[in-house]
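Numbers here simply count residues along the sequence, with the first being 1. Order of appearance sets the numbers: ligands from 1, and atoms from 1 within every ligand. For the numbers below, each heavy atom of this structure counts, side chains included, while hydrogens, waters and symmetry mates do not.
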Amino acid sequence: MHQLKKAALIVAAGMAFSQSGFAADKTVWITLGDTAFQQLQQAIPAVRSVQNSQQSVAGFKAATHHSEAVHVVQLSETQLLKLSGIVHQKLNRCGGFIQHSSKEEAVTALYAQPKTLAALARPSYTIDNQTIVSPMVAQMQATNIAQTIIDLSNFTNRYYKTTAGTNASNWLLNKWKTMSSARSDILVEQFTHSSYPQKSVILTINGTDNAAETVVLGAHLDSINLNGTTETTLAPGADDDASGIASLTEILRTMLANNYKPRRTIKLIGYAAEEVGLLGSKDIAASFKAKNANVVGVMQLDMTNYKGSPLDIYLYTDYTDSAQNQFVANLITTYQPTLKIGYDKCGYGCSDHASWYNQGYPASMPFETAFTQDNPNIHTANDTFQNAGGNADHSLKFARLGLSFAVELASDGPAVGDKVENFSGSLTKGQSKSFGPFKLKAGGTLTASTTGTGDMDLYVRKVSVPTTTTYDCKSDGSSSTENCSVNSTTNTDVYVLVSGYAAGNYALKVSYPAQ
Ligand code: BES
Ligand code: ZN
C-alpha cells in the first residue's frame, strides 16, 4: 500500500511535466549518494528513496562499503536533468549518480560489493621503463591538446541523444582511425549502446606478447548543458570532458610517433553518455567483465584543463584502487617531479572510473583541482577553452601522466626467463582437454590464457588435473577469451583444463617461472 502510494506520486510528478508541454517524460531508475539525495528531495519533495544501502532487506545485507548511504530513486528524465544542476548550485560540488535499466538492477547495484576478481593477478607497479617513457613524455605538446579541445567544443553539443552528439562520436572515430591507419596492430571501432544513438569509441593497440592483459585509459566524449538539451543548445564541454579526450589523443599521437608497441594490450576509450549517469562506461565495463577480460589497470581523465587549486594533480581516493593510486603518485614523482600531488574524494558515481570499480577492476581518477574548486563553468554554454585559460598547459600534465601509466603497465609481459608454452586445437561442445604438469617454481605465478572461437572455459589446479567442478582458478566467461592465474609458495605441479562450453578452436598460452 505504502509503496503503491509512492509510485503514484512519482508518476503524478512525471505527468505534470508532460501536461505542461514537455516532451513525453520517461521515468528512469538511478542510484545516488545521500548528500545529493537530500538536496534532490528538498527541491522535488515528491521524490522518494525506495531503497537505502544501509537498510537490510530480504535477500540483501546492508552495504558498508559506501562512505555515505546510497539510495534507489525513480525520476522522470526532466527531473534527472535538474538533479545535477541542483547539487552543483546548492553544494557547489558534483552529485554523481548511476542510471539503471530497471528497479531490480538499481537495487542490486546498491548492495553489490565491488566484484572481486580472484583470477586477476596484479601487474607490477615497479617503475622500470624510463628509457621508453622519458623521451615520449618530453615530446608531448600542449598545442596539440588545445587543438583537439577546440575541435570537439566546436560541436554545438555532444549530448547523448542529439545529432551533434552522434556526429562528435563519428568525428573521434575518424580522427583516431586516420592517425593510426599505418598500424595493422591498431583497431578503432565504435561500441553501440542499445537505448541511445551516441556510440562510444574504442581504440585497441594489440599487445605483442601479453595481449590478453589490457590497460585502459578513458575519458567521456559526451557533454551536457543543464539548462536545456535540444539539438541547438550550446554545450561546448571544453573542460568537461573534451580536455580528457584531447589528452588521450595526444597520448596516441606520441605513441605512434615513436612506433611504440606495447607487450600488453592498450585501449583508449571515449565513453558515450557519462553525463546522464555513467551509461556508456557501465555497458563497456560490464561487457569486459562478462568476457572475463583481464584488465590490469584503468585510468579516467575527466576534466584536466582548469587550474583552480594550488596543487597540480589531485588523486581521488574513493571508488578507486589504493595500490594503483600509490603507483600513479609514484609515476608523477618519477616523470614530472616538479608537480605537486593532492588527494580528495568525489563521491558516489562521479565519473566513469566508478563503472570499472564496480566490476572489480583497479581504477584511478587524477583530477584538475580539489573537489570543490573545479571549473565553475561546466555543464553550461560557458565551458569553453578560453574560459579555462586559453591554453592546454594543465591538461599536458595529465596527458603525460596517462602516457606514463599506459607505457609502464603495458611494457610488462611474462618475466624474462619465464617459460612460455603455446597449444592450440579444437573442442566439441562438452569436450575437455588437459595440459601439464607445468613445473611451477616456488614463489612464482603461472598464468594460463586462451583466445579462440566458440566458448572455451579455462580451469587451473595445483597438484592434480582440474575438472569443471574442482579447480584452484576458473575463467568461464561467455567467449573464448579467458585468463587464470595461480601462485605457489613451494615448487608444485600445475595442470590446466580447457573445456568446450560451445564448440570452437582455442589457442592456449601458459607462462610461468619453471623449477
Ligand atoms: N566531470 C564531471 C565530474 C566532476 C565534476 C568531478 C566536478 C569532480 C568535480 C562529470 O562529468 C559529471 O558531471 N558528473 C555528474 C554525475 C554524472 C553521473 C551525471 C556530477 O558529478 O554531477
Ligand atoms: Zn565529466
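Going from atom CG of L83 over to atom OG1 of T78 covers 12.5 Å, rounded to the nearest 0.5 Å.
Of all protein heavy atoms, the one lying nearest to atom 9 (C) of ligand 1 is F367 CZ, 3.4 Å. With respect to atom 12 (C) of ligand 1, the closest heavy atom belonging to the protein is E275 OE1, 3.4 Å. Of the protein's heavy atoms, C94 SG, 3.7 Å lies nearest to atom 4 (C) of ligand 1. In this structure, the protein non-hydrogen atom closest to atom 16 (C) of ligand 1 is G96 CA, 3.5 Å. Nearest protein heavy-atom neighbour of atom 7 (C) of ligand 1: D374 OD2, 3.2 Å. With hydrogens left out, the protein atom closest to atom 11 (O) of ligand 1 is E274 OE1, 2.7 Å, a heavy atom.
Shown here is K307, whose NZ atom has more than 12 heavy atoms of other residues, nucleotides or ligands within 6.0 Å.
Taking both residues in full, the closest heavy atoms of P236 and A381 are given as CG-O, 3.4 Å, listed atom of the first, atom of the second, then distance. G280 and S200 make their closest contact through CA-OG, 4.3 Å (heavy atoms, listed as atom of the first residue, atom of the second, distance). In terms of heavy atoms, T162 sits closest to T230 at CG2-O, 3.9 Å. Contact record, Q324 with V298: NE2-O, 2.9 Å, taken as the closest heavy-atom pair.
Close contacts between ligand 1 and C350 involve ligand atoms 3 (C), 6 (C), 10 (C), 12 (C), 14 (N) [criterion: under 4.0 Å to a heavy atom]. Every atom of ligand 1 with a heavy atom of G277 under 4.0 Å away is listed here by number and element: 18 (C), 19 (C). Shown in contact with H379 at under 4.0 Å from a heavy atom are these atoms of ligand 1, numbered in order with element: 12 (C), 13 (O). Here is the list of ligand 1 atoms found below 4.0 Å of a heavy atom in H220: 11 (O).
Using a 4.5 Å cut-off on side-chain heavy atoms (C-beta onward), L278 and Y271 make no contact. The shortest distance between side-chain heavy atoms of W356 and F288 falls below 4.5 Å.
The Zn ion (ligand 2) lies under 2.8 Å from an N, O or S atom belonging to D302.
Under the 4.0 angstrom criterion for non-hydrogen atoms, Q99 is not in contact with ligand 1. Proximity of S351 to ligand 1 is not established, as no heavy-atom distance is less than 4.0 Å.
Residues E68 and K345 are not paired through a salt bridge, judged by the lack of any N-O separation under 4.0 Å between the basic side chain and the carboxylate.
In F97, the parts holding a heavy atom less than 4.0 Å from any atom of ligand 1 are both the side chain and the backbone.
Residues T31 and Y348 have side chains that bring a donor and an acceptor to within less than 3.5 angstrom of each other.
When the N, O or S atoms of D240 are ranked by distance to the Zn ion (ligand 2), OD1 comes first.
The closest heavy-atom contact to atom 1 (N) of ligand 1, among the options D302, D241, L278, L81, comes from D302.
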